[in-house]
S.K.: 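For reference, the structure I am asking about is given below.
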Amino acid sequence: MTKKNDSPAVLLPAGISPAGQAARRRLDRIHMAKGIAVALLFHLLIVLGFWLYDILRIRDIGEWSGPVLVKIGVPDAPQSPLPDPGILPERIEDQAVVEPSQAPKEPDAENAPSNSAPPKTERAADVPRNEPVKKDGTGTAPNAAESTPAPSANSSVPKQPPPARVRGSEEGNNYLIDFEGSEDEVGRAGAYDYITSYMPLPEVLPSGLVEGASEYLKMSPEFIRSEIEVYWEKVYGEYVKKRGTSGVVPLADRPYYWGILANSLRFNPADADWRTAGMRPVEIEFTVKPSKGSSGAELDNFKFIRRSNNPSVDEAVVYGLSRWIYYNKSDRDVKARIVYDFSD
């Protein structure tokens, strides 16, 4: 007779089937992808937060870095700078001067009776000499041959001429320049290009515009495309600015390229990258030094009072401002200020 084994049965773990292993690997990959996506999203939110803070925060610029001396004398500068014809006249209602014809007339001595005293003697006896001329024109008018008349209520001393001012607009942008001197002393004599022609060029140009370039200033479409390819390169069907300094168009060459884009490629300047909503006006103080012959006046001591939200735009405003021709006929430095306001 055999003994019955009363010990409990032990369940051993079964091995994972190939299908289970494949499912487990698939779940691991899914969990890893989710973790990477969450980490990337978290870092992206942090970078976006810093970027928004940098745009929305208020910057206290203070003094601009160092003095800038801009010499704008060019061989084709005008020989005799003339005042800008667009200067607005100041109000002169309060500068009226009494004309000699409005002074009280003396009685005619020839028509007076011969046996009577001159009317001047009779008027002097009736009215004291120190009585001022009344506002209604009555009273005693002092004799110009005897004494110089003192300023009265109906005559005013000529005021100083109003300060020079230049106001204008270009492609919807407005500017106002005030000089601390009269128009006869200081002002703007001329301008070669708009300030907007020195703004940054577009980062991306549609290939359709470049391929459809037309002749401009006796330049063939093939030559214009070669000029575009100096700073732009074709990437995935579009012309994109080259990386680094190879894609930066110098300030002096920007009017040339803006002319090509607008006239040959039919690019609308209103679609330029530098135009953004809510741009702050640029306000700059500078000094106009005395003129030196036909070369005009030099600008110095640029100082930003207010900047826009794009440093490249601020640089373009200063450069375009310095390209204009100014005159200063006085023997002193004259301060000036420009406010350049962008269109919405």
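Just so you know, residue 1 is the first one in the sequence shown, and it goes up from there.
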S.K.: Determine whether a donor-acceptor pair (N or O, by modelled atom type, separation under 3.5 Å) exists between the side chain of S207 and the backbone of G237.
M.R.: yes
S.K.: Less than 4.5 Å apart, side chain to side chain, heavy atoms only: is that true for V334 and E185?
M.R.: no
S.K.: How about V186 and Y326: do any of their side-chain heavy atoms sit closer than 4.5 Å?
M.R.: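 No, every pair of side-chain atoms sits at 4.5 Å or beyond.
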S.K.: Tell me, do I260 and M219 make a side-chain contact under 4.5 Å, heavy atoms counted?
M.R.: yes
S.K.: Using a strict 4.0 Å threshold on nitrogen-to-oxygen distance, state whether E180 and R332 make a salt bridge.
M.R.: no
S.K.: Once side chain to side chain contact (heavy atoms under 4.5 Å, CB included) is applied, do any residues pair with P290, and if so which ones, sequence neighbours excluded?
M.R.: N328, D333
S.K.: Return each pair, listed once, that meets ring-ring contact (aromatic ring centres under 6.0 Å, His included) where at least one residue sits in residues 224-261; pairs must be two or more places apart or across chains.
M.R.: Y231-Y257
S.K.: Ignoring hydrogens, what is the shortest heavy-atom contact between L201 and K241? Give both atom names and the distance.
M.R.: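 Shortest heavy-atom contact: O-NZ, 3.6 Å.
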S.K.: Is there a continuous path of hydrophobic side-chain contacts, each under 4.5 Å between heavy atoms, that joins I30 to I36?
M.R.: no
S.K.: Looking at K335, is its backbone amide N or carbonyl O close enough to the side chain of E285 to form a donor-acceptor pair, meaning the two atoms are under 3.5 Å apart?
M.R.: no
S.K.: Out of curiosity, does W274 fall in the hydrophobic cluster containing V318 (side-chain heavy atoms, cut-off under 4.5 Å, transitive links)?
M.R.: yes
S.K.: Same hydrophobic cluster for V313 and F302, using side-chain heavy-atom links shorter than 4.5 Å among ILVMFWY?
M.R.: yes
S.K.: Heavy atoms, side chains only, cut-off 4.5 Å: are F286 and L321 in contact?
M.R.: yes
S.K.: How close do R275 and P269 get, counting heavy atoms only, and between which atoms?
M.R.: NE-O, 3.4 Å
S.K.: Looking at every non-hydrogen atom in both residues, tell me the closest pair between Y198 and R323 and how far apart they are.
M.R.: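 Scanning both residues completely, I find the closest heavy atoms to be OH-CG, 3.5 Å.
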S.K.: Do K242 and V248 have side chains that get closer than 4.5 Å, going by heavy atoms?
M.R.: no
S.K.: Working to the nearest 0.5 Å, report the span between CZ of R188 and CD1 of I177.
M.R.: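 R188 atom CZ to I177 atom CD1 measures 6.0 Å (nearest 0.5 Å).
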S.K.: State plainly whether one hydrophobic cluster holds both V240 and V249, where clusters connect Ile, Leu, Val, Met, Phe, Trp and Tyr through side-chain heavy atoms under 4.5 angstrom apart.
M.R.: no
S.K.: Going only through I, L, V, M, F, W and Y residues with side-chain contacts under 4.5 Å, is there a path from L251 to L299?
M.R.: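 No.
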S.K.: Do R280 and N309 have side-chain heavy atoms sitting under 4.5 Å apart?
M.R.: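 In contact.
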S.K.: About how many Å separate CG of L205 and CD of E238, when rounded to the nearest 0.5 Å?
M.R.: 9.0 Å
S.K.: What distance separates K303 NZ from I284 CD1, expressed to the nearest 0.5 Å?
M.R.: 12.5 Å
S.K.: What pairs of residues pass the side chain to side chain donor-acceptor pair (under 3.5 Å) test when at least one of them lies in residues 28-47, not counting sequence neighbours?
M.R.: none
S.K.: Show your reasoning for whether side chain to side chain contact (heavy atoms under 4.5 Å, CB included) applies to L265 and I224.
M.R.: CA-CA 9 Å; L265 274 62; I224 289 178; 3.9 Å; yes
S.K.: With rounding to the nearest 0.5 Å, note down the distance linking CG in L44 to CH2 in W51.
M.R.: 11.5 Å
S.K.: Quick one: which of Y194, Y319, Y175 gives a ring pair (Phe, Tyr, Trp, His ring centres under 6.0 Å) with W324?
M.R.: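 Testing W324 for a ring pair (Phe, Tyr, Trp, His ring centres under 6.0 Å) against Y194, Y319, Y175 leaves exactly one candidate, Y175.
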S.K.: Between atom CD of E203 and atom CG of D273, what is the distance when rounded to the nearest 0.5 Å?
M.R.: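 Result: 6.0 Å between the selected atoms.
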S.K.: Just wondering, do R225 and E211 contact through their side chains at under 4.5 Å, heavy atoms?
M.R.: yes
S.K.: Can you see which heavy atom on L261 is nearest to which on P202, and at what distance?
M.R.: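 Looking at all heavy atoms of both residues, the closest pair is CD2-CD, 3.6 Å.
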S.K.: Between S264 (side chain only) and E215 (backbone N and O only), is there a donor and an acceptor less than 3.5 Å apart?
M.R.: no
S.K.: R165 vs L176, test: side chain to side chain contact (heavy atoms under 4.5 Å, CB included). Steps then yes/no.
M.R.: CA-CA 7 Å; R165 167 173 289 187; L176 176 64; 3.5 Å; yes
S.K.: When you measure from the side chain of N173 to the backbone of Y340, do you find a donor-acceptor pair of N or O atoms at a distance under 3.5 Å?
M.R.: no
S.K.: A side-chain contact here means heavy atoms from C-beta on lying under 4.5 Å apart; do D178 and V339 qualify?
M.R.: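 No, every pair of side-chain atoms sits at 4.5 Å or beyond.
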S.K.: So which atom in M199 and which in V317 form the shortest heavy-atom distance, rounded to 0.1 Å?
M.R.: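 M199 and V317 have their closest heavy atoms at CE-CG2, 4.0 Å.
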S.K.: Can a donor-acceptor pair be found between the side chains of D300 and T287 at a distance below 3.5 Å?
M.R.: no
S.K.: To the nearest 0.5 angstrom, please state how far the CD1 atom of I228 sits from the CG atom of L209.
M.R.: 10.0 Å
S.K.: Kindly give the heavy-atom pair with the smallest separation between S291 and A297, and that separation in Å.
M.R.: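 Closest approach of S291 to A297: OG-CB, 3.9 Å.
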